[in-house]
Enquirer: 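Structure provided below as structure tokens; questions to follow.
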Amino acid sequence: RRLYLPCLERTSLLQGVSKRFLDLVVANSSVEFYLPGMDVIEPGSTVGHLYILVAGVVELHAEPKTTLGSSLKSMESASIGANHLLCEPGDLIGDIQFILGGKV
């Protein structure tokens, strides 16, 4: 709990919620580790989880005309190139597709 709570509190989606709600999120979450170069979400797959980056950096790549990145993060400040987005701790990954039930 102590490891993940500060990051969850910074996440725009969870800002301002009660500590009890955050505890429920932590209790019902799982932790996944990815090595550099590994795909977090396979291209063309349906997103079944909401990912919150706790540590490290994730570079998102998308095909043209694909919704990319977080609906709650400014693309201008986060963009690192055409169809690329750099995510840092506290950022959401796949949130638009998770909420809408879409594919990446």
Side-chain angles (χ1 to χ4, degrees):
R1 178 183 184 272
R2 290 185 303 157
L3 293 174
Y4 306 114
L5 199 55
C7 184
L8 292 178
E9 290 173 329
R10 286 194 316 269
T11 302
S12 55
L13 183 66
L14 299 173
Q15 285 179 350
V17 301
S18 69
K19 293 284 186 191
R20 185 167 190 257
F21 184 81
L22 286 174
D23 285 338
L24 287 171
V25 170
V26 171
N28 290 289
S29 297
S30 61
V31 176
E32 298 182 21
F33 296 93
Y34 294 91
L35 296 174
M38 291 180 65
D39 287 337
V40 175
I41 302 171
E42 293 286 332
S45 64
T46 301
V47 178
H49 297 85
L50 176 64
Y51 292 89
I52 301 173
L53 185 60
V54 175
V57 175
V58 171
E59 185 177 344
L60 299 179
H61 302 268
E63 296 296 321
K65 298 184 181 178
T66 300
T67 305
L68 179 65
S70 173
S71 60
L72 303 173
K73 184 173 182 178
S74 166
M75 286 297 290
E76 278 186 25
S77 65
S79 182
I80 59 171
N83 300 319
H84 291 240
L85 181 71
L86 191 64
C87 295
E88 298 171 337
D91 287 343
L92 302 170
I93 300 172
D95 55 329
I96 296 170
Q97 293 84 1
F98 176 74
I99 292 167
L100 299 177
K103 294 184 178 187
V104 289

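Side chains are part of it too, since the values below use all heavy atoms of this structure and drop only hydrogens, waters and symmetry mates. Worth saying up front: this structure is predicted, and the values here are computed from it rather than measured.
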Enquirer: Please tell me if the side chains of Tyr51 and Leu92 come closer than 4.5 Å, counting only heavy atoms from C-beta onward.
Expert: no
Enquirer: Rounded to the nearest 0.5 Å, how far does NZ of Lys19 lie from CG of Leu24?
Expert: 13.5 Å
Enquirer: Taking all non-hydrogen atoms of both residues into account, name the closest pair between Gly56 and Pro89 and its distance.
Expert: O-CD, 3.2 Å
Enquirer: Would you say Leu14 and Glu9 make side-chain contact, with heavy atoms under 4.5 Å?
Expert: no
Enquirer: First locate atom CD1 of Ile93, then atom CD1 of Ile52, and finally report the distance between them rounded to the nearest 0.5 Å.
Expert: 9.5 Å
Enquirer: Nearest heavy-atom pair of Val54 and Cys7: which atoms, and what distance?
Expert: CA-SG, 3.6 Å
Enquirer: Check whether any side-chain heavy atom of His49 lies under 4.5 Å from a side-chain heavy atom of Ser30, and answer yes or no.
Expert: no
Enquirer: Please check if atom OH in Tyr34 has more than 12 non-hydrogen atoms from other residues, nucleotides or ligands closer than 6.0 Å.
Expert: yes
Enquirer: Following the transitive rule for hydrophobic clusters with a side-chain heavy-atom cut-off under 4.5 Å over Ile, Leu, Val, Met, Phe, Trp and Tyr, establish whether Leu50 and Val17 coincide in one cluster.
Expert: yes
Enquirer: How close do Arg10 and Gln15 get, counting heavy atoms only, and between which atoms?
Expert: O-NE2, 3.2 Å
Enquirer: Between atom CG of Leu53 and atom CG of Asp91, what is the distance when rounded to the nearest 0.5 Å?
Expert: 6.5 Å
